[in-house]
Amino acid sequence: MEEKSSNSPRIYDVVILGASGFTGKYVIREALRFLNTPNSPLKSLALAGRSSSRLAQALKWAAHPNVPPQIPLLIADTTDANSLTHLAGQAKLILNCIGPFRLYGEPVVAACVESGCDYLDICGEPEFMEKMEALYHEKAMEKGSLVISACGFDSVPAEIGLMFHTRQWAPPSVPNTVEAYLSLESDKKVVGNIGTYESAVLGVANADELMELRRSRPRRARPVIPGPAPKKGPIIEHQKELGMWAVKLPSADSIVVRRTLATLTEYPHGLPGINESVEHIEKRKAFWSSVKPAHFGVKFGSKSLLGIFCVIAVGMFIGLFGKFSFGRWLLLEFPSFFSLGGFRKKGPTEDEVSSASFKMWFVGHGFSDGNLASSGDKKPDVEVITRVTGPEIGYLTTPIILLQCALILLKSRYNMPKGGVFTPAIIYGSMDLQERLQENGISFDFVSKNVIST
């Protein structure tokens, strides 16, 4: 393996930053599947982090049982702005795996924007994403840096899944509400990504800052959604069609979707590319004209009511203890206790990862004819159900999504905007991301369409 200082003049297609972390090593393993393979745009790859020895160990783990390839190991630290500037100057694209992003993400974004380097991450933290948009969007447009967060399980299955769902509503039918029900399944114990838990704890601590940020910014355009706004439902829902109990999940997905729909309202045909082909212009316009806005929410589903009570209990622990410093220390010091075993510092075993999977059901209610929606006394008369399924969410699905987003960017950068801070779907929706995900183990399926008796 080759070790170089991070001010080398060599240009890499992709640099994986935080490559030795829990998720980072799985991202390396996924990247090696496409490095220098036929028809892959990924011809050069480097790994970056604070410790060359840990990077080497991660590469060895990811390459097993094969001999680790000769990949440069670059030293960079989020507390060292110069190291990040050197790193961004060498890369076409940085994949940032260092979280929590509200603590460590901004210096990386700043370096990428200043250097005109493209940036993708696996963040699921609304405050960080909205803050980066507020602070860096204009400069990123000027410098030619494309900054896209939430390119993992947060929030691509929800975003692309919703796009897929609304396209099943053939005219004149229109959706009004779409609820996504997330079900995590495993033959063994489901153990979550510790970074997700840490982000949730810090999210509670910084909730006031997020609200203040939103108040300080101009209101975005809102899509026109046919029919009435959804009424507030019960805390716990029994979803009979899916055979599960469900509770509202305070995830980033619905927030990211709203930002995408706001951008789509401002640009009804999507965002034009910097040097876009005529073929892609037509494809982009046709795709976005087939996508229909809807009120969107996410719920956690479980076949067991006990499972729902456990989720509520963990949410109450985080919501209560996350508001003061000693409580946050307790939550972060003893994650297994406060998450009822759902998260632990050392992460899941490889067997636990390989045995886990997810299903995300999209249940949409709407109108058989859009004209019916304008009648105040009419209730939705059509139900459409679609589904997204895939492997374990944090260590398998997330690297699959991140790498496919990276490969599309490398191959079709000219069909994308010059720069700016965006959500995944507004960039990748009209690309072939859904098809690529299906080829790599993440499925999008139409389930049913039924008339609702009123």
Side-chain angles (χ1 to χ4, degrees), residues 13-19 21-37 39-42 45 47 58-59 61-64 93-97 99 119-124 148-164 180 182-186 190-193 195-196 251-253 256 347-348 350 352-360 387-412 423-425 427-429 431-445:
D13 289 331
V14 168
V15 173
I16 302 173
L17 179 61
F22 278 127
T23 306
K25 65 180 186 178
Y26 282 93
V27 174
I28 300 172
R29 187 169 73 176
E30 188 68 14
L32 294 180
R33 294 181 55 220
F34 300 95
L35 180 61
N36 287 317
T37 59
N39 301 319
S40 172
L42 181 57
L45 173 69
L47 311 181
L59 177 59
W61 178 91
H64 182 79
L93 171 63
I94 285 181
L95 306 183
N96 187 12
C97 302
Y119 169 99
L120 304 180
D121 70 34
I122 53 176
C123 175
I148 311 171
S149 285
C151 294
F153 183 78
D154 289 321
S155 293
V156 168
E159 285 226 279
I160 303 302
L162 178 64
M163 304 299 117
F164 173 77
L182 172 62
S183 172
L184 303 180
E185 302 176 4
S186 177
V190 174
V191 179
N193 186 312
T196 301
S251 73
D253 291 343
V256 173
E350 289 186 52
E352 287 169 336
V353 169
S354 61
S355 66
S357 63
F358 80 91
K359 291 188 176 81
M360 185 176 272
R387 182 182 60 204
V388 179
T389 59
E392 189 277 337
I393 60 175
Y395 302 100
L396 299 183
T397 287
T398 286
I400 289 170
I401 294 171
L402 183 61
L403 257 295
Q404 292 308 314
C405 287
L407 294 172
I408 293 172
L409 187 148
L410 291 173
K411 186 175 182 179
S412 302
T423 53
I427 299 296
Y428 291 105
M431 305 276 181
D432 58 347
L433 178 58
Q434 180 190 320
E435 292 78 7
R436 284 172 170 262
L437 294 179
Q438 295 208 166
E439 292 170 359
N440 287 276
I442 301 172
S443 299
F444 296 75
D445 302 301

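Note that the coordinates shown come from a computational prediction; the quantities given were computed from them, not determined experimentally.
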Let me see the working for Tyr428 and Ile148 under side chain to side chain contact (heavy atoms under 4.5 Å, CB included), right down to the final yes or no.
CA-CA 10 Å; Tyr428 291 105; Ile148 311 171; 3.9 Å; yes
Rounded to the nearest 0.5 Å, what's the gap from [atom1] on [X] to [atom2] on [Y]? Could you check?
X: Leu47; Y: Lys25; atom1: CG; atom2: NZ; answer: 14.0 Å
X: Asn36; Y: Leu42; atom1: CG; atom2: CG; answer: 7.0 Å
X: Leu433; Y: Leu409; atom1: CG; atom2: CG; answer: 11.5 Å
X: Lys359; Y: Glu185; atom1: NZ; atom2: CD; answer: 3.5 Å
X: His64; Y: Leu32; atom1: NE2; atom2: CG; answer: 13.5 Å
X: Glu435; Y: Gln404; atom1: CD; atom2: CD; answer: 11.0 Å

Side-chain contact test, heavy atoms from C-beta onward, threshold under 4.5 Å: evaluate it for [X] versus [Y] and give yes or no.
X: Val156; Y: Leu437; answer: yes
X: Leu396; Y: Arg29; answer: yes
X: Thr423; Y: Ser155; answer: no
X: Leu407; Y: Pro41; answer: yes

So, are Glu439 and Arg436 salt-bridged, with charged N and O less than 4.0 Å apart?
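The answer is no: the pair does not qualify as a salt bridge.
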Please identify which of these residues, Asn440, Leu410, Asn39, meets the side-chain contact (heavy atoms from CB on, under 4.5 Å) condition with Phe34.
Asn440
State which residue, out of Ile122, Leu182, Leu402, fulfils the side-chain contact (heavy atoms from CB on, under 4.5 Å) condition with Phe153.
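Result: among Ile122, Leu182, Leu402, Leu182 is the only option passing the side-chain contact (heavy atoms from CB on, under 4.5 Å) with Phe153.
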What pair of heavy atoms forms the shortest contact from [X] to [Y], and how long is it?
X: Glu159; Y: Pro424; answer: OE1-CD, 3.2 Å
X: Pro348; Y: Val353; answer: CG-CG2, 3.6 Å
X: Ser443; Y: Gln438; answer: C-OE1, 4.2 Å
X: Ala31; Y: Leu403; answer: CA-CD1, 3.7 Å
X: Ile28; Y: Ala62; answer: CG2-CB, 3.6 Å
X: Tyr119; Y: Ser149; answer: CE2-OG, 4.3 Å

Can you check whether [Y]'s main-chain N or O pairs, donor with acceptor, with [X]'s side chain at less than 3.5 Å?
X: Asn96; Y: Leu120; result: no
X: Thr398; Y: Ile393; result: yes
X: Thr397; Y: Pro391; result: yes
X: Ser355; Y: Glu352; result: yes

Check against side chain to side chain contact (heavy atoms under 4.5 Å, CB included), Tyr26 and Trp61:
CA-CA 9 Å; Tyr26 282 93; Trp61 178 91; 3.5 Å; yes
Worked check of side chain to side chain contact (heavy atoms under 4.5 Å, CB included) between Ile16 and Cys97:
CA-CA 7 Å; Ile16 302 173; Cys97 302; 4.2 Å; yes
Would you check, one step at a time, whether the test side chain to side chain contact (heavy atoms under 4.5 Å, CB included) holds for Met360 with Asp253?
CA-CA 12 Å; Met360 185 176 272; Asp253 291 343; 4.0 Å; yes
